[in-house]
Amino acid sequence: MAEYNFSDVEQKWQAYWKENKTFKTKEVSDKPKYYVLDMFPYPSGAGLHVGHPLGYIATDIVARYKRLKGFNVLHPMGFDSFGLPAEQYAIKTGQHPAVTTDANIKRFKEQLNILGFSYDWDKELRTSDPSYYKWTQWIFLKLFNSYFDLTEKKARPISELPIPEGLSKEEKRAFIDDHRLAYQDEIAVNWCPALGTVLANEEVIGGVSERGGFPVIRKPMKQWMMRITSYCDRLLDELEDVDWPESIRLSQKNWIGKSLGAEIAFKTVDGVNEVRVFSTRPDTIFGATYVVLSPEHPLVDAITTPDQKEAIDIYKEEASKKSDLERQELDKSKTGVFTGGHVINPMTGQQVPAWISDYVLISYGTGAIMAVPAHDERDFEFATKFGLPIKQVVSADGREISELTEALSGHGLIINSGDRYNGLDSKEFIKIAIEQMEADGTGKGAVNYKLRDWVFTRQRYWGEPIPVIHTEDGEVKGIPESELPLVLPEVESYLPAEDGSSPLARNEEWVKTTDPDTGRPAMRETNTMPQWAGSCWYYLRYLQPDNEMALGDPESIKYWSPVDLYVGGAEHAVLHLLYARFWHKVLFDLGYVSHREPFQKLVNQGMIQGRSNFVYRIKDTNTFVSFGLKDKYEVTPIHVDVNLVDKDVLDVDAFKNSSHEYKTATFELEDGKYVCGAEVEKMSKSKLNVVSPDDIITKYGADTLRMYEMFLGPLEQNKPWNTNGIDGVFKFIRKFWRLFHDGETFAVSDEKPSAEEMKILHKAIKKTQDDIERLSLNTSVSGFMITVNELSSLKCNKRAVLEPLTILISPFAPHLAEELWSRLDHDESISEATMPTYDEQFLKEDAFEYPVMINGKLRTKMTFGADVPANEIQVAVLTSEIVLKWTEGKAPKKVIIVPKKIVNIVV
RNA sequence: GCGGAUGUGGCGAAAUUGGUAGACGCACUAGACUUAGGAUCUAGCGCCGCGAGGCAUGGGGGUUCGAGUCCCUCCAUCCGCACCA
């Protein structure tokens with residue numbers, strides 16, 4: 001019997017799609033639009049493993065489904081092709097990153113294409129193409145030439161910035177530069193010596209770089225910054241408008257870290273300076289028995305008394321040497337030094353000592369705190385260690401605890417805060433205390449954010465050059481738009497310089513330029529943009545990747561925005577998604593895009609982990625024992641290449657041939673087989689658990705791989721890859737094929753389907769559509785299997801059933817569906833077909849035996865169906881609703897009817 | 001520490017609004033057709049029990065005629081954030 005030849009069929013249809021541009025997006029259409037987007041990949045040298053396509057398969061199914069449902073679908077793919085690995089490879093080998101990147105992209109595209117994705121490759125983009133980064137630079141200039149209007153809470157062109165009267169030329173320029181959304185600042189940045197570059201806060205995790213895990217230190221440097229903090233409130237509030245997973249919304253909220261409280265001034269005793277602190281608990285101000293400044297705080301020297309100067313200087317020196325990693329070590333006990341100076345608590349009027357400590361961060365709030373040891377854990381620890389006074393001012397029951405053993409961080413009744421305030425509810429006192437301090441001029445209500453402005457420069461080669469020049473007299477100017485793109489120049493070496501300047505600085509010829517306004521010599525900016533820049537707006541460029549005149553056509557942007565479905569990994573929860581939203585909002589303010597948020601619905605596909613296999617070697621021998629026997633010996637587990645293992649059974653010969661070391665190995669088998677152990681780990685080369693989609697496709701075909709990846713479990717869930725179950729899907733594909741065949745010949749009958757067959761079909765239509773709509777793609781695959789099992793046992797080969805079923809399955813197994821579709825005498829691609837609709841009349845329940853409960857106790861069974869059964873109680877079934885008729889006796893007190901399920905009667 | 005997610009057979013999992021828990025698939029067992037099968041088909045497959053029946057969705061408690069699903073509480077695993085004032 002001729003079996004389904006997936007390999008020929010898949011090649012045939014992939015060639016057909018490519019040749020006919022089957023999936024070319026229609027720009028103009030009266031159909032409703034649907035924009036379904038994948039997070040585009042960084043084209044790494046390793047190629048795709050079986051985990052990468054998970055999200056792409058899901059979006060491809062949705063894209064194909066929406067086409068069949070009559071939507072005009074945009075489903076593009078591109079490459080985030082600026083990035084560190086290509087540059088590091090370049091440093092090692094001298095190979096230009098563009099060459100490496102091109103080769104990697106070629107490989108990626110091949111791998112994507114054999115999966116049968118319906119991308120419109122005419123829309124492809126690469127962030128490292130000058131034609132693309134021309135517009136990344138253009139957006140940079142827009143940010144450079146805009147300011148944030150605080151009253152309207154939106155970006156406006158810098159030309160509209162109101163400038164105070166009477167400023168000198170230099171002051172005026174400084175004033176403008178101070179308001180730009182992209183601006184330069186000398187700040188303490190996260191400098192990573194190993195990578196030779198500055199990193200954004202978001203790229204530093206626990207004191208080490210996100211990429212590579214190298215130590216990061218703080219170093220003051222002049223950097224380009226993005227004024228993302230202006231957008232804190234909008235980035236927070238407008239999260240409510242999008243359909244995103246709660247966990248991502250929370251991550252973004254936490255990252256922005258908005259807290260409400262008060263900013264309070266503690267004047268120095270001499271009245272010259274004031275230490276401003278931020279507190280979320282101004283109600284505890286009567287308990288503020290000292291203040292702590294961060295070692296980097298600008299007032300430290302002014303407050304320090306001469307006899308404490310030496311100790312303070314030593315402490316400051318030590319703190320500056322510490323990396324963030326060391327400062328963040330949690331279990332270390334608190335350190336600090338008394339400045340010798342005192343400040344005045346504005347509410348009590350008492351003098352309190354001022355200390356410095358590195359547990360107070362210069363980068364958060366005002367860089368100084370009022371310490372309330374009775375009600376803050378950290379302050380309590382500090383006060384206890386240094387013998388500072390602890391004063392309880394909030395109490396749960398209004399009484400004071402004589403000997404506090406821990407900080408009481410909850411709310412309660414105010415005590416020890418003067419007759420005016422004692423007895424108040426502490427939450428209420430927050431408002432009252434702020435009002436009082438505002439009246440006294442000693443404090444005010446304040447909002448504080450954790451989010452800092454975005455450090456936008458990298459001292460790297462492989463990124464977008466920043467399109468500005470520095471003039472002789474120190475002015476910074478954007479280059480004219482007509483000069484874009486500012487193409488990345490060639491350099492001799494890709495290594496960053498030790499002083500922190502970018503590799504671009506090496507090309508002196510390129511750096512030297514002239515100021516177009518004055519004709520005087522000027523220097524180009526040599527830093528480049530961070531990798532996030534290109535991915536901040538790529539979803540807009542897909543609409544018109546070839547548009548040389550504009551970022552995109554406004555009509556097109558209006559038609560396609562927002563992205564209806566965006567699928568990608570949760571690792572971009574804060575970085576990419578926050579930056580992209582920020583840029584989008586600026587573009588929205590300036591009138592270039594039509595919607596406030598770029599991505600309407602976001603789904604995070606889970607990670608596919610590796611499933612490693614192990615063999616067990618008896619210590620000091622070359623004998624391996626099977627999994628079930630290993631406990632009898634002292635064994636060492638050794639990773640074995642999962643590609644030599646099938647259903648946990650080792651291919652012993654292949655294993656022997658895999659390495660010289662194993663040539664002479666001997667094996668202790670169980671039931672004639674060598675069984676391997678298994679464990680879930682990250683998929684990686686070193687663990688020998690990488691499964692390539694290419695290998696799976698060679699063995700089972702792309703349709704099987706697509707369906708199996710969906711079948712594996714819910715899309716959002718992390719799950720280990722396990723090839724063991726793939727046979728089931730493979731069998732299903734062949735079984736489906738066989739429905740259309742009688743032996744070797746294609747045989748589909750035009751006979752009218754039976755009621756039972758119609759029911760199977762319509763059930764399948766309903767289930768598949770419901771499942772895709774809620775992205776439960778695993779259950780829709782199961783649903784297909786049930787359907788085919790049912791039809792198969794009926795030996796149903798009727799066109800009226802099989803044809804709609806082919807359409808239904810085509811988003812999942814497009815190659816198989818196309819082949820069958822053409823054999824069913826259709827000339828056009830199945831993607832031109834229309835999704836069948838279901839008819840309720842075929843979905844009616846059959847006669848069914850229902851349990852009937854009376855008073856929750858009696859249990860009998862009745863059959864409800866077309867015939868009304870006779871009992872003491874007469875029951876009829878109409879469609880799926882059950883109607884009870886009472887012929888004798890009293891009507892029951894309570895009748896609970898659950899359609900299709902149980903009749904529950906309380907008499 | 002704070003926040004989020006998850007917990008169902010030997011395994012991956014289903015159960016969409018509370019309504020016959022374990023669909024579907026893997027593995028396994030038995031059988032059929034076969035020279036053979038890693039092909040195909042049929043049947044079985046949560047646990048205890050010969051059986052009728054009983055017990056089962058991480059543990060305990062609650063609401064309900066009815067709970068995997070809702071509420072309280074505890075436990076475990078994974079993932080974020082973390083001296084954020």
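Note that the structure is a prediction, hence the values are computed from the model and not measured. Every chain is numbered from 1, with letters handed out A, B, ... down the list of sequences.
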- How should the glycosidic conformation of rG51(B) be described, syn or anti, under the criterion that syn lies within 90° of 0? anti

- Message: Once you apply a heavy-atom cut-off of 4.0 Å, does Asn724(A) come out as touching a base, just sugar-phosphate, or nothing?
- Response: sugar-phosphate

- Message: Using a heavy-atom cut-off of 4.0 Å across all strands, would you classify Asn718(A) as base, sugar-phosphate, or nothing?
- Response: nothing

- Message: Counting only side-chain heavy atoms from C-beta out, which of rA13(B), rC26(B), rG80(B) sits nearest to Gln717(A)?
- Response: rA13(B)

- Query: Below 4.0 angstrom from OP1 or OP2 of rU40(B), is there any side-chain N or O of Lys735(A)?
  - Reply: no

- Of the listed nucleotides rG3(B), rU16(B), rA14(B), the one nearest the side chain of Arg774(A): rU16(B)

- Spacing between Arg249(A) atom CZ and rG3(B) atom P, to the nearest angstrom: 18 Å

- Task: Calculate the interatomic distance between Asp646(A) atom CG and rC11(B) atom P; express it in whole Å.
- Result: 20 Å

- Query: Between rU40(B), rA15(B), rG25(B), which one does the side chain of Thr779(A) approach most closely?
  - Reply: rA15(B)

- Quick one: label Lys699(A) by what it contacts on the DNA or RNA (base, sugar-phosphate, nothing), any heavy atom closer than 4.0 Å. nothing

- Note on the structure: Checking rG4(B), rA14(B), rC24(B) against the side chain of Pro714(A) (C-beta onward), the nearest is rA14(B)

- Query: Below 4.0 angstrom from OP1 or OP2 of rA23(B), is there any side-chain N or O of Asn789(A)?
  - Reply: no

- Quick one: which of rC83(B), rC26(B), rA39(B) gets closest to the side chain of Arg734(A)? rA39(B)

- Item | Spacing of CG belonging to Asp283(A) relative to CD1 belonging to Ile430(A), to within rounding of 0.5 Å | 4.5 Å

- Query: rG25(B), rA23(B), rA85(B): which one has an atom nearest the side-chain heavy atoms of Met785(A)?
  - Reply: rG25(B)

- Query: Base, sugar-phosphate, or nothing for Ser776(A), non-hydrogen atoms under 4.0 angstrom?
  - Reply: nothing

- Message: For Asp695(A), is there an ion pair with Lys699(A) - N to carboxylate O distance below 4.0 angstrom?
- Response: no

